[in-house]
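Note sheet for the following structure.
Below, chain A is the first sequence line, B the second, and so on; all start at residue 1. What you see is a predicted model; the values in this text were computed from it and never measured.
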2 protein chains.
Amino acid sequence: MSAAKTPTLADVADRAGVSPKTASRVLNHEGNVRPDKVARVLAAATELGFTPNEFARLLRTRGSTTTIGVVTADIGDPFWTGVIRGVELAIGDPDRDDVGHPQRFILSASTRERSDREPEIVAAMVDRRVMALLVVPTTTDQSYLGALAERGVPVVCVDRPAAGTDVDAVVADDDGGARRGVELLIAQGHRRIAFVGRPSVYTTAERIAGYRAALRAAGIVVDDRLVHPTITDAASVGPIAERLLSLDDPPTAVFTADVAASIGMLACRRTRSWRPAMVAFSDFDAAPVVEPTVTVVHNDPVELGRRAAELVLDRLAGYTGPPRRVRIDTPIIERESHLA
Amino acid sequence: MSAAKTPTLADVADRAGVSPKTASRVLNHEGNVRPDKVARVLAAATELGFTPNEFARLLRTRGSTTTIGVVTADIGDPFWTGVIRGVELAIGDPDRDDVGHPQRFILSASTRERSDREPEIVAAMVDRRVMALLVVPTTTDQSYLGALAERGVPVVCVDRPAAGTDVDAVVADDDGGARRGVELLIAQGHRRIAFVGRPSVYTTAERIAGYRAALRAAGIVVDDRLVHPTITDAASVGPIAERLLSLDDPPTAVFTADVAASIGMLACRRTRSWRPAMVAFSDFDAAPVVEPTVTVVHNDPVELGRRAAELVLDRLAGYTGPPRRVRIDTPIIERESHLA
DNA sequence: TCAGACTCTGACATCGATGTCAAGCACGAA
DNA sequence: TTCGTGCTTGACATCGATGTCAGAGTCTGA
């Protein structure tokens with residue numbers, strides 16, 4: 001018994017009594033092969049269980065794979081897995097494009113908080129000839145992505161625009177969403193509104209900008225002691241709540257800028273007697289179920305991923321125009337917590 | 001201006017004034033090259049920005065990639081993205097193995113509810129020479145996976161064991177977890193306990209088995225009108241709740257077999273006056289935050305993925321023993337809802 | 001000075017597929 | 001009969017890397 005070996009095109013050709021090239025012609029539907037040989041080749045291929053060596057094919061044809069590379073910041077955060085889910089939904093969407101396209105795959109990797117690895121990972125993916133790249137930028141400079149454009153690899157940045165270069169990008173309306181969320185609290189008469197969330201280069205900055213804009217428009221002076229873009233997880237909201245409560249003039253409402261902050265804030269409401277009004281950025285499973293139900297600015301990672309994938313598919317389908325920037329709406333879902 | 005082209009090893013060799021083979025030797029640290037040539041080759045490589053063509057290398061060396069294929073049932077379910085996250089955590093774990101291993105990637109695809117595509121997707125991944133495969137079986141027969149073992153590709157089944165073949169598998173203790181969960185309700189005096197969850201070949205069957213075992217052990221006759229493994233999403237719990245409430249002898253407690261059922265049940269508690277005791281299979285973000293906090297059987301997808309990846313890494317590191325079956329504990333996290 | 005061992009080097013074949021090209025053949029028209 | 005046309009076919013080169021191997025150069029010790 002020899003070890004099981006993958007049959008090659010030559011094996012198929014031998015068995016069918018034709019040349020490798022003819023076998024290739026049959027299997028690639030090139031036509032111009034006599035029917036009896038077609039039959040013999042197809043029979044031989046099924047009998048041997050032939051599957052072409054993708055690497056050899058790609059090497060010869062200088063083709064790219066049917067794989068989309070996705071580089072996220074941290075796979076530990078459900079938000080990014082949501083983005084990946086969106087990409088998967090889009091590239092598998094049967095309505096989207098020509099029936100019978102080959103199975104597309106997602107090649108994913110995360111920078112795991114080490115933004116210096118971002119270029120390395122991107123380079124490794126390019127070496128693997130991904131047909132397109134979807135990047136959540138974590139470094140402060142994405143100019144290295146320019147080299148990809150030269151190689152003709154479509155690139156789309158997700159959640160944050162690329163810095164230092166102009167490529168397609170899909171971002172949420174962080175600024176506007178935060179502003180509308182805070183306005184909702186102001187409309188309820190609140191003037192002391194805290195901001196709690198994770199630190200993050202772009203999105204948090206945008207959300208703080210929206211928060212400030214809403215306050216300013218209402219003639220409310222921003223009190224920096226109420227602004228805490230410093231949490232790491234839900235548990236870290238506790239100490240911040242303590243600090244807010246110990247102020248002479250504690251906030252009567254809170255804007256939570258991400259899911260971790262929202263969950264943490266809900267925990268504080270349960271364990272402490274503090275019951276501020278609340279609006280959260282990003283919806284979450286439990287928001288319509290907890291007491292009170294949570295009013296949110298809807299920020300859908302799946303939609304981010306889906307739209308990003310669509311930009312990619314457009315480019316693959318031939319779009320060669322200038323970089324486009326898509327802004328995903330962040331509508332308010334009014335529930336109860338902003339009334340509290 | 002010609003189009004930007006990827007430099008080849010031959011280009012590097014030309015520029016350094018050596019043969020391609022010598023350049024190859026330098027770049028692969030084979031040694032036995034005169035220092036001045038080493039320097040010239042390295043210089044030429046950086047100047048040209050040379051990166052080796054992975055396909056050519058893999059073709060020649062008959063090597064496999066540094067990619068792990070992950071086939072999940074449905075990327076629309078956060079549970080499976082959790083599994084992927086676990087895999088990512090494990091393969092990126094710096095403690096786990098030899099420093100400086102090349103960047104590992106995850107190649108993912110989902111069967112999208114069409115279980116007939118499972119073998120196709122697996123085949124496509126094998127053609128792409130993934131170094132290992134992690135499969136969530138959805139078909140009723142995984143005997144086709146046997147062919148992979150012959151090719152020496154490590155395979156691990158996740159969440160459900162493979163049918164018709166014997167390969168490594170990582171499953172949760174569905175049976176025992178459900179049994180312990182239901183026992184908790186019985187200990188509170190409940191004798192009319194409903195079961196609500198999604199339909200699913202293996203895991204739901206196991207959880208129902210645990211549910212039945214607990215009832216039987218307590219001398220309670222199982223009433224099939226209380227068993228509803230039929231929901232599709234959280235919203236579909238509503239009609240089931242109606243049906244349960246309309247019984248002559250409605251249940252006083254509910255065991256929800258998955259997150260969707262749990263969220264749905266919480267929604268019912270809010271909108272209807274029905275307040276049954278509750279134990280849920282699978283923890284979720286909001287469980288410790290809602291009123292009442294939800295007692296759960298902890299079923300961690302991340303841990304499933306992580307352990308599965310570890311089995312894979314063991315095999316890649318040389319383990320050649322018989323297939324192993326790992327059962328992940330499903331400990332009870334006692335909160336309040338089982339007391340209601 | 002010379003044999004033998006060791007270092008260094010590049011020509012060439014190879015992995016498995018496909019592009020190129022020219023030859024072989026059948027057919028119809030002139 | 002002869003030529004042109006178009007269909008079939010396979011030999012061969014090619015993609016970019018690496019394994020093989022033999023030959024050239026260097027160094028040792030006798």
#### Entry: C/dG10 OP1/OP2 closer than 4.0 Å to side-chain N/O of B/Thr22
yes
### Query
Nearest heavy-atom pair of A/Glu88 and B/Ser110: which atoms, and what distance?
OE2-OG, 2.7 Å
### Message
Please evaluate residues A/Phe50 and A/Thr6 with respect to the criterion side chain to side chain contact (heavy atoms under 4.5 Å, CB included), reporting the C-alpha separation (whole Å), side-chain torsions for both, the decisive distance (0.1 Å), and the verdict.
### Response
CA-CA 7 Å; A/Phe50 170 76; A/Thr6 311; over 6 Å; no
### Message
Given the ring of B/Phe55, does A/Arg57 sit roughly above its face, with NZ or CZ under 6.0 Å from the centre of the six-membered ring and within 45° of the axis?
### Response
no
### Task
Scan nucleotides 12-18 of chain C nucleotide by nucleotide, 5' to 3', and note B when protein non-hydrogen atoms come under 4.0 Å of the base, S if they reach only the sugar-phosphate, - if neither.
--BBBBB
### Query
Which whole-number value in Å describes the distance from B/Asp36 CG to C/dT7 P?
17 Å
### C/dT7 phosphate, OP1 or OP2, under 4.0 Å from B/Asn32 side-chain N/O
no
### Query
Does the side chain of B/Lys37 get closer than 4.0 angstrom to OP1 or OP2 of C/dC8 through an N or O atom?
no
### Query
Considering all heavy atoms of both residues, which atom of A/Ala162 and which atom of A/Val167 are nearest to each other, and what is their separation?
CB-CG2, 3.9 Å
### Task
Mind listing the closest non-hydrogen atom pair of A/Leu9 and A/Pro20 along with its distance?
CD2-O, 3.7 Å
### Query
At under 4.0 Å, does any side-chain N or O of B/Arg34 touch on OP1 or OP2 of C/dT9?
yes
### Closest non-hydrogen atom pair, B/Ala45 against B/Leu27
CB-CD2, 4.2 Å
